[in-house]
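All residue numbers in this chain count up from 1 along the given sequence. For the numbers below, each heavy atom of this structure counts, side chains included, while hydrogens, waters and symmetry mates do not.
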Amino acid sequence: MRNKREHRDLNAPMSIYEVHLASWLRVAEEGNRSLNWIELAQRLIPYVQDLGFTHIEMLPIMEHPFGGSWGYQPLGLFSPTGRHGTPEDFAFFVDRCHEAGIGVLLDWVPAHFPTDVWGLARFDGTALYEHEDPREGFHRDWNTLIYNLGRNEVKGFLIASALEWLDRFHIDGLRVDAVASMLYRDYSRDAGEWIPNQYGGRENLEAVEFFKYLNSIIRQRAPHAITIAEESTAWPGVTAPVDQGGLGFDFKWNMGWMHDTLEYMQKDPIYRAYHQGQMTFGMVYQYTEHFVLPLSHDEVVHGKGSLYGKMPGDDWQKLANLRAYYGFMWAHPGKKLMFMGGELGQRTEWSHDGSVHWDLLDERGHGGLQRAVADLNRIYAQEPALQFGDLDSRGFEWAATDDAQNSVIAMLRYSEDRNEAVLAVSNFTPTPKSGYRIGVPFPGRWTVVFNSDAEIYGGSNQGVVEAWADQEASHGRDFSIVLTLPPLATVYLKGSPES
């Protein structure tokens, strides 16, 4: 922990494996039970380590009465759920994660609390923790109460909970759930169903001050830790420092990027030419905040199907689309997050009563997708050019966005000293493209370091191993290379001035 307190690098690669612990792996021979903390340390940690993820993010593990809430209706904000063992067992799990070099993030829910009589609702017979007026104090979306952040005692209670996980259990960060629902007094409410703030506006000024205070205290008391906001609107300065008027979070989930790109990928390739802007629009605002690109549990529940199921085409094309999409995502600026099951192309949506469909790994294409995810994490961790531009605009340039007709998109990522570059080219059609010329910044050899169409991933093994840049200008650059673009694939090529 001393080493952690001395090192908090937001520029470091961050690839997060989001997991609902109860349904990651169940023991069928013992009544389909979930694993305990000791078993999770033995099974989950090596798995995440082998896949190259840098962090595990757990859906809320604070004690909650209803398992079907996935932890998002917690009552015991200081208590690790007894579903997986004792608090000491949980501490053991965290220590094993740290020994394996894996950070631990927890979902934390200050946005609402259940109305169960054994919780804090009307704790002393009055609206003590909550608001008396339901126009301020009740979430109809979740049938839950809302903390009264105008009371110092309530703010102190919530901040003490956050510090409990960071100080006592050595958690590396908190992902704060439903931030938007806290920032707006009219969240999910019609006219007349909410009370304006003292200035007549819709902003929840008490919540704004709470977040600023929370993040300031965490910087002082747990300087090793990060905070991540699930904030789905365009609220300004979510990740700006508090002393600059921001809320003080380190990162924010980029919900807009996720919605846009998933909509594009769900389209039949014949129609993608008309929607290329959905894949590129995220860069318009990429550097207004510090972003995490989330493919979270929210996208594979409530009838939305699985990521695999969203992809068009037959089985081969669905998996090829996923590999190409993941390749695009790992090349795109922003930290990465993937919910369990996405790495092997689970065919059905997530069920909290079930388990990840591990039997799919017996099939070549699904095992190949898992291997592709592992290689993307490895390359991301090894290549400074794929890290620097996450938070700094100097590390990114579009290489080609003007070929919507062929649904080809290309990005250039640079190391901080500009001595290395990675060119990521995506072909989002099932048609291979030979003789495709694209401009690059350096002459000489460009070596393929990732090809989502490789045979080991279940692809058709098309493309080149390397290319040599000549002095024919293209895409506004003095040099260019000629490639064969595989079908439904993303290819990375690495180059440098000395190549």
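The six-membered or imidazole ring of Phe113 lies away from that of Tyr129, with a centre-to-centre distance of 6.0 Å or more. When ring centroids are compared, His64 and Trp118 stay outside the 6.0 Å threshold. A ring-centre distance under 6.0 Å is not found for Trp350 and Trp24.
In this structure, His297 NE2 and Lys304 NZ are separated by 9.0 Å, a value rounded to the nearest 0.5 Å. Distance NE2/His224 to CG/Asp167: 7.5 Å, rounded to 0.5 Å. Taking CD1 of Ile228 as the reference point, atom CD of Glu231 lies at 14.0 Å (rounded to 0.5 Å). The CG atom of Asp9 sits 11.0 Å away from the CD1 atom of Ile226 when rounded to the nearest 0.5 Å. In this structure, the separation between CD on Glu416 and CZ on Arg418 is 11.5 Å, given to the nearest 0.5 Å. Considering CG of Asp177 and NE2 of His112, their distance stands at 5.5 Å, rounded to 0.5 Å.
Not counting sequence neighbours, the partners of Tyr285 by the side chain to side chain donor-acceptor pair (under 3.5 Å) test are Asn254. In this structure, the salt bridge (charged side-chain N to carboxylate O under 4.0 Å, His left out) partners of Glu230, at least two apart in sequence or on a different chain, are Arg175. Every residue meeting the salt bridge (charged side-chain N to carboxylate O under 4.0 Å, His left out) condition with Asp375, not counting sequence neighbours, appears here in chain and number order: Arg378. Scored by the ring-ring contact (aromatic ring centres under 6.0 Å, His included) test, Trp398 finds Phe396 as partners (sequence neighbours excluded). Residues passing the ring-ring contact (aromatic ring centres under 6.0 Å, His included) test with Tyr213: none are found, sequence neighbours excluded. Residues satisfying the ring-ring contact (aromatic ring centres under 6.0 Å, His included) test with Phe388, not counting sequence neighbours, are none. Checked against salt bridge (charged side-chain N to carboxylate O under 4.0 Å, His left out), Glu18 has no partners two or more places apart in sequence or in another chain. In terms of the ring-ring contact (aromatic ring centres under 6.0 Å, His included) criterion, residue partners of His84 (sequence neighbours excluded) are, by chain and number, Trp37.
The shortest side-chain heavy-atom distance between Val242 and Phe211 does not fall under the 4.5 Å cut-off. Between Asn11 and Gln387 there is no side-chain heavy-atom pair separated by less than 4.5 Å. Using a 4.5 Å heavy-atom cutoff, the side chains of Trp358 and Leu344 are in contact. Between Val373 and Met338 there is a side-chain heavy-atom pair separated by less than 4.5 Å. Inter-residue side-chain proximity for Thr239 and Leu247 is flagged as unmet; no heavy-atom pair is nearer than 4.5 Å. Looking at Val176 and Pro110, their side chains come closer than 4.5 Å, going by heavy atoms from C-beta outward. Residues Ser181 and Trp142 are in side-chain contact: their nearest non-hydrogen atoms beyond the backbone lie under 4.5 Å apart. Between Ile56 and Val19, the closest side-chain pair of non-hydrogen atoms falls below 4.5 Å.
Side-chain atoms of Tyr287 come within 3.5 Å of backbone N or O of Gly389 as a donor-acceptor pair. Between the side chain of Ser69 and the main chain of Gly71, a donor-acceptor pair closer than 3.5 Å is present. Put simply, the side chain of Glu289 never gets that close to the backbone of Lys252: no donor and acceptor are under 3.5 Å apart. Side-chain N or O atoms of Gln346 include one that pairs as donor or acceptor with a backbone N or O of His357 at under 3.5 Å. Proximity of a side-chain donor or acceptor of Arg323 to a complementary backbone N or O of Gly368 within less than 3.5 Å is not detected. Using modelled atom types, one side-chain atom of Glu63 and one backbone atom of Gly82 make a donor-acceptor pair closer than 3.5 Å. A donor-acceptor pair is defined here as one N or O able to donate and one able to accept, closer than 3.5 Å; such a pair exists between the side chain of Asp250 and the backbone of Thr227. A distance-only check finds a donor-acceptor pair linking the side chain of Arg151 to the backbone of Leu128 [under 3.5 Å]. Formation of a donor-acceptor pair under 3.5 Å by the Asn204 side chain with backbone atoms of Ala207 is found in this model.
Salt bridge absent: Glu263 and Lys310 never bring a charged side-chain N and a carboxylate O closer than 4.0 Å. Glu206 has a carboxylate O that lies under 4.0 Å from a charged side-chain N of Arg185, or vice versa, which qualifies the two as a salt bridge. Remark: Arg140 engages Glu193 in a salt bridge, criterion side-chain N to carboxylate O under 4.0 Å.
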Side-chain donor-acceptor pairs under 3.5 Å in residues 324-332, sequence neighbours left out?
{"from": "Tyr325", "atom 1": "OH", "to": "Thr261", "atom 2": "OG1", "distance (Å)": "2.7"}
{"from": "Tyr326", "atom 1": "OH", "to": "Gly342", "atom 2": "O", "distance (Å)": "2.7"}
{"from": "Trp330", "atom 1": "NE1", "to": "Asn377", "atom 2": "OD1", "distance (Å)": "2.9"}

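Side-chain N/O atoms of Trp108 and Ser161 include a donor and acceptor closer than 3.5 Å. Asp417 and Ser415 share a side-chain donor-acceptor pair at under 3.5 Å.
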Report task. Apply side chain to side chain contact (heavy atoms under 4.5 Å, CB included) to the pair Ile146 and Glu130, showing each step before the final yes or no. Result -> CA-CA 6 Å; Ile146 300 172; Glu130 67 270 49; over 6 Å; no
Dump the intermediate steps for ring-ring contact (aromatic ring centres under 6.0 Å, His included) on Phe157 and Phe78, then the final yes or no.
CA-CA 10 Å; Phe157 166 78; Phe78 293 78; 5.6 Å; yes
(request) Take Tyr147 and Met182, measure what side chain to side chain contact (heavy atoms under 4.5 Å, CB included) needs, and give me the verdict at the end. (result) CA-CA 9 Å; Tyr147 289 106; Met182 300 176 68; over 6 Å; no
*asked:* Let's go through Val104 and His55 carefully: what are the C-alpha distance in whole Å and the side-chain angles of both, what is the deciding distance for side chain to side chain contact (heavy atoms under 4.5 Å, CB included) to 0.1 Å, and is it a yes or a no?
replied: CA-CA 6 Å; Val104 182; His55 290 74; over 6 Å; no
Yes or no on ring-ring contact (aromatic ring centres under 6.0 Å, His included) for Phe450 and Tyr457, after CA distance, side-chain angles and deciding distance? CA-CA 11 Å; Phe450 176 78; Tyr457 306 141; 5.6 Å; yes
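Note on residues 333-348: pairs passing salt bridge (charged side-chain N to carboxylate O under 4.0 Å, His left out), not counting sequence neighbours, are Asp315-Arg347, Lys335-Asp390, Arg347-Glu363. Sorted by first and then second residue, the salt bridge (charged side-chain N to carboxylate O under 4.0 Å, His left out) pairs with a member in residues 34-50 read Arg33-Glu39; sequence neighbours excluded. Listed by first then second residue, pairs satisfying ring-ring contact (aromatic ring centres under 6.0 Å, His included) with a partner in residues 175-194 read Tyr184-Trp235, not counting sequence neighbours.
Judged by a 6.0 Å distance limit and a 45° cone about the ring axis, Lys318 is positioned over the six-membered ring of Tyr308.
The two residues Ser232 and Ala180 have their closest heavy-atom pair at OG-CB, 3.7 Å. Looking at every heavy atom in both residues, His170 comes nearest to Val94 through O-CG1, 4.1 Å.
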